[in-house]
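Report on one structure; see the data block that follows.
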Amino acid sequence: EDYAILKLFALQQAGVARSDLRLVIVRDRLQQSAHAVAAVRLDGRWLLLDNRFLALVDIEQTHYENDMFDIIILSGVLHHFPNFSPVVEECWRIVKKGGLVLGYDPHYHNPFVWTFRSKHSPFRSTKGVTANEQPLKKQQIEETFRLHHFSDIRIFSISGITYKYVENSLAFMLLPM
C-alpha cells in the first residue's frame, strides 16, 4: 500500500491531475488477498500500476520495443546500481516521447538516509541493505537524466518513510518504525 501511495504522489508531482489518479483496492483471486494499487487515467484509459505482477528482465537491456511505454516507474531501483546511467538510457529508449519516467530512491542529503544507509556514516546499518546500495544525490540524478536526453526533470524530497531494518539499537528506539 505504501508503494501505491508513493506512486500517486510521484505522478501528481510530475503533473498528472488529481482527478486522473486513484488508489484502488483489488482482490487477487489466486492469492485470496486484497491489496492497494495506484491507478492513473491516460488517454481516457485507466491503468493499474501493480507491483505484484512483474516480468523478469534485465533493466539495462529490456528487449522491449522503442517508444513502447507511456509511463515507467522505477520503484527504489536506481540506488542499487553503482552506475545507473545504463538504466536511464534504457528508459529513454523504451518510453514514448512525451511519456513519464518516475522514480523514488533514498536521497543522500536526507539526514536519516545518510545516517543509516550511507557507506560513509559510522551508524550505517547493513541489515536489509544490498552490497551496491547507495543513497543518491540530486545533482547525480539530474546530470544522468540530462545526459540521456530527458529535459523536464523534477526532483522532490518526501518524508514519512519508515525503516524496517536498523541494526543500531539506540537508533532503532529513536526512529519511527
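Computed from a predicted model, the values in this text were never measured in an experiment. No hydrogens, no waters, no symmetry mates; every other heavy atom, side chains included, goes into these values.
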- Report the C-alpha separation of Phe81 and Glu60 in whole Å, then their side-chain angles, then the decisive distance to 0.1 Å, and conclude whether the side-chain contact (heavy atoms from CB on, under 4.5 Å) test is met. CA-CA 10 Å; Phe81 288 84; Glu60 295 176 314; 3.8 Å; yes

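- The aromatic rings of Phe84 and Phe145 lie tilted to each other, with the angle between the two planes from 30° to 60°.
- Going from atom CG of Asn83 over to atom CD of Gln140 covers 9.0 Å, rounded to the nearest 0.5 Å.
- Under the side chain to side chain donor-acceptor pair (under 3.5 Å) criterion, His80 pairs with Thr130, not counting sequence neighbours.
- Counted within 6.0 Å of CD on Gln13, heavy atoms from surrounding residues, nucleotides or ligands total more than 12; the atom is thus considered enclosed.
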- Message: Under the criterion side-chain contact (heavy atoms from CB on, under 4.5 Å), I'd like the reasoning laid out for Lys7 against Val40: C-alpha separation, chi angles, the key distance, then a yes or no.
- Response: CA-CA 10 Å; Lys7 286 176 188 176; Val40 60; over 6 Å; no

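- Ring pair His149/Trp92 is tilted by interplanar angle, where 30° to 60° counts as tilted.
- Taken from OG1 in Thr115 to CZ in Arg124, the straight-line distance is 12.5 Å, to the nearest 0.5 Å.
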- Apply side-chain contact (heavy atoms from CB on, under 4.5 Å) to the pair Val16 and Leu100, showing each step before the final yes or no. CA-CA 10 Å; Val16 176; Leu100 295 174; 3.8 Å; yes

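- With values rounded to the nearest 0.5 angstrom, Leu8 atom CG is found 5.5 Å from Leu21 atom CG.
- The heavy-atom pair separating Gly15 from Arg154 by the smallest distance is N-NH1, 3.9 Å.
- By the 4.0 Å N-to-carboxylate-O rule, Arg146 lies too far from Glu143 to be salt-bridged with it.
- The two residues Ile153 and Glu142 come nearest to each other via the heavy atoms CD1-O, 3.8 Å.
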- Message: Run the side-chain contact (heavy atoms from CB on, under 4.5 Å) test on Leu11 and Ile71 for me, step by step, so that the C-alpha distance in whole Å, both residues' side-chain angles and the decisive distance to 0.1 Å come before the verdict.
- Response: CA-CA 10 Å; Leu11 286 164; Ile71 299 173; 4.3 Å; yes

